[in-house]
Structures are given as C-alpha cells and as structure tokens.
Amino acid sequence: MLLSMKDLENCAIRAVDGTIGHVQDFYFEDDTWVVRYLVVDTGSWLSSRKVLISPMVLGQPDWTQRILPVSITKEQVRKSPKIDTDKPVSRQHEKQYLEYYGYPFYWGGAGLWGAGVYPSAMLSTCSGGFSTEYALRQGDAIRADIERDSLEEGNPHLRSCKALMKYRIEATDGGVGHVQGLLVDEATWAIRYMVVETSNWWLGHQVLIAPKWIQEINWVETTVFVALSQQAVKDAPPYDPATPLSRDEEISLHNHHGRAGYWADEVKLENPQYRVVGTGSTRSGVGGVDRR
C-alpha cells in the first residue's frame, strides 16, 4: 500500500513500554529514494529531543489511532546516541546509531535494504545468526565508504522529505509545477512518487512523477529536472489524494509515459529465479513470469 507522507506526519511512535513521541519528518537517500529514518519529536518526557527511528523496527501500524509501534524501549531511546537533526547526519553518525541498537548496515547490498527488499527482513536475518559484525565484514568498499563520509560534514545523500516540498519541477521543455507531497511504499519504505501540483503553471491538477524519471536535482536551486515533456505531464492521469492509488492506476500512469513499473524489480529481488517468459499483458500489467 502507498501512503502519503503528510498522513504519516504526527503519527505517534509507540515503544513496547509507552509513547516515544510523534513523527515530524523523514530522512531519505536521494540515490535510492528509500526512507531510512523517521525523525521523531520526543516531547516533554525527553525535553523535546529529536531522535531517529529506523523502519527496521516498525511493527503493524494502527491507522485508526495513528500509531506506529516499534520493537524498542523508551530507555533504549533515552540512551541512544544524540544526533542533531538540524544538521546533516553523517555516515559516521549513522554507524554509531546502528551499532548502538545492534542493527545491520542497510547499505552495500543489491537490494533496497541490504540484499533484500524489506527493512524488517534485515533484523530477521540478524536474529537468525548475524550480528553487527556482519555489517563490518561486508568488504573494503563499505569500510571505505564509512571512512570517506566520516570526514565530511554530513551524508550528502541523506535528505529531509519536508525540505523537498515546494521544489520546482522542470520538464525537458519548461516548468510544470512543484512538489506537493510524496507517496511511500508501506512495506519497503521506498518513495514511489512525487505528488506534483501543476495549477501554478496551468489550470491543471495533481500528477505523479516517479523518482526513476528524474534526470537531475539541483539542491541549491531547489529544482528537480525530469525526463518528461510538459505535454506528457499535462496529459498524464490526474492524481486524486482523496482515494488510495490502485495498481491499475499505477499501470495506466506508467503506460502513459512508456515506462516499466517498479514492481517487477521487487519480484526479482525477492526471487532471483524470476524471469520473464512472455510479453502478453496479464491482470498485473506485466508480462507472464516464471518463478521456478
């Protein structure tokens, strides 16, 4: 299911022994467009200190009560390494955070989370025999990555979702709108779409643009350049934030732009034996597959 980031804001984070605080922001990697941390304001019990919560420990949400349960304690949060969320979060800070909780490093694999798709699977693997040492043994590439980023002021790929709001969207032949919101995959925490408001450019509507269709982002000038024409964006299926986005609507959007869907990539990561055996359309909108 795809969720609006705006709907996730101010959700309560419930530890095993009480409420930690409420969601204020999200940090995502701009090269993978996966949310790596929820930024949580702890309120009065911890002097409004902001802490990071990894999607690895999120349980089944209670959407009626707007509660996101996590499998950690308030005491663990209280003793966790302090991170100034008003400044860039370095890879070294991430390393300290992950080691404190005993989480494996999410980077270095071929998947969205390590070698896989789902954040919770990393802890399942860890509890099945891996420890934090697993991350430290992932090779010279990871250690070099940590050493390089520790010398920098912050991780240049870790961005605030809130800061992305109102960024201008530039098509190949001119402006088309600005970022109004984000849709995130509840299971993988991958950002699947930017919600783009086009009414400032023409009497338009909201449309969806996938991160994979981005050519470049100028973080200084707060502008996102996409590999789509103005007309293609203008003629795209409108997005209605009042109703959940269906897979059929996603397929229609991707077909309009002549782009492949992200869901086939996830099937391949979950099952390396996956291979396409036909090109005829199916109910899922992708070619026939063989999962033997």
Side-chain angles (χ1 to χ4, degrees), residues 3 5 7-29 34-87 89-109 111-136 138 146 155 158 160-162 184-190:
L3 305 171
M5 285 292 189
D7 292 338
L8 290 168
E9 291 179 8
N10 294 316
C11 280
I13 300 296
R14 179 72 55 81
V16 296
D17 54 353
T19 299
I20 294 173
H22 293 80
V23 178
Q24 296 297 306
D25 198 357
F26 307 86
Y27 284 158
F28 73 100
E29 280 190 303
V34 175
V35 172
R36 299 305 182 184
Y37 303 101
L38 287 70
V39 181
V40 178
D41 188 327
T42 58
S44 59
W45 81 275
L46 207 55
S47 303
S48 293
R49 174 182 155 196
K50 291 184 174 62
V51 298
L52 302 182
I53 300 295
S54 169
M56 295 184 207
V57 295
L58 289 176
Q60 182 62 41
D62 181 344
W63 297 120
T64 303
Q65 300 295 321
R66 292 176 53 78
I67 295 173
L68 301 177
V70 293
S71 56
I72 55 177
T73 66
K74 294 177 70 175
E75 185 66 9
Q76 283 179 293
V77 173
R78 187 180 70 82
K79 293 183 177 179
S80 64
K82 292 185 178 181
I83 295 178
D84 188 349
T85 56
D86 292 327
K87 297 180 180 179
V89 178
S90 70
R91 182 52 58 83
Q92 185 66 19
H93 286 149
E94 284 194 89
K95 180 175 177 285
Q96 293 171 356
Y97 168 90
L98 295 170
E99 287 184 333
Y100 168 77
Y101 282 107
Y103 302 158
F105 297 164
Y106 62 78
W107 56 86
L112 299 179
W113 294 89
V117 178
Y118 306 110
S120 59
M122 296 198 72
L123 289 189
S124 298
T125 302
C126 188
S127 63
F130 288 120
S131 67
T132 307
E133 294 180 3
Y134 164 75
L136 299 174
Q138 290 189 72
I146 295 170
N155 180 358
L158 207 58
S160 160
C161 286
K162 272 192 174 180
V184 62
D185 189 320
E186 178 188 3
T188 65
W189 285 87

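Only a predicted model underlies this, so the values are computations on that prediction, with no experimental measurement involved.
For Trp113 (side chain) and Thr188 (main-chain N/O), a donor-acceptor pair under 3.5 Å exists by modelled atom type. A donor-acceptor pair under 3.5 Å is formed between the side chain of Asp25 and the backbone N or O of Lys162. At distances below 3.5 Å, at least one donor-acceptor pair connects side-chain atoms of Trp45 with backbone N or O atoms of Ile20. Under the 3.5 Å distance criterion, the side-chain polar atoms of Tyr27 are matched with a main-chain donor or acceptor of Thr85.
Rounded to the nearest 0.5 Å, atoms CG (Asp17) and NZ (Lys74) are 6.5 Å apart. Rounded to the nearest 0.5 Å, atoms NE2 (His22) and CD1 (Ile67) are 8.5 Å apart. Taken from CG in Leu123 to CE in Met56, the straight-line distance is 6.0 Å, to the nearest 0.5 Å.
When all heavy atoms of Ile72 and Ala15 are compared, the pair lying nearest together is O-CB, 3.1 Å. Nearest heavy-atom pair, Pro69 versus Pro61, reported as atom, atom and distance to 0.1 Å: CD-CA, 3.9 Å. Considering every non-hydrogen atom in both Leu46 and Arg78, the closest pair reads CD1-CG, 3.7 Å.
Contacts of Phe26 classified as ring-ring contact (aromatic ring centres under 6.0 Å, His included), with partners at least two apart in sequence or in another chain: none. For Tyr97, the ring-ring contact (aromatic ring centres under 6.0 Å, His included) partners at least two apart in sequence or on another chain are Tyr37, Tyr101. Not counting sequence neighbours, the partners of Pro81 by the side-chain contact (heavy atoms from CB on, under 4.5 Å) test are Tyr100. A search for salt bridge (charged side-chain N to carboxylate O under 4.0 Å, His left out) contacts involving Arg66 returns nothing, not counting sequence neighbours. Residues meeting the side-chain contact (heavy atoms from CB on, under 4.5 Å) test with Asp84, sequence neighbours left out: Asp86, Lys87.
Inter-residue side-chain proximity for Leu8 and Leu38 is flagged as unmet; no heavy-atom pair is nearer than 4.5 Å. Counting only heavy atoms from C-beta outward, the side chains of Val23 and Ile53 never approach each other to under 4.5 Å. Counting heavy atoms from C-beta on, the side chains of Val57 and Tyr103 come closer than 4.5 Å. Contact check for Leu98 versus Pro104: no side-chain heavy atoms found under the 4.5 Å cut-off. Residues Val77 and Ile13 have side chains not in contact (no heavy-atom distance under 4.5 Å, counting atoms from C-beta outward). Using a 4.5 Å heavy-atom threshold, the side chains of Val51 and Lys82 count as separate. Using a 4.5 Å heavy-atom threshold, the side chains of Val34 and Tyr106 count as separate. Inter-residue side-chain proximity for Phe28 and Met5 is flagged as unmet; no heavy-atom pair is nearer than 4.5 Å.
Screening residues 51-62 for side-chain hydrogen bond (donor to acceptor under 3.5 Å, both in side chains), with sequence neighbours left out, gives no hits.
A side-chain hydrogen bond (donor to acceptor under 3.5 Å, both in side chains) with Ser90 holds for exactly one of Glu94, His93, Gln92; it is His93.
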**Arg49 vs Ser80, side-chain contact (heavy atoms from CB on, under 4.5 Å): CA-CA, chis, key distance, verdict** = CA-CA 11 Å; Arg49 174 182 155 196; Ser80 64; 3.0 Å; yes

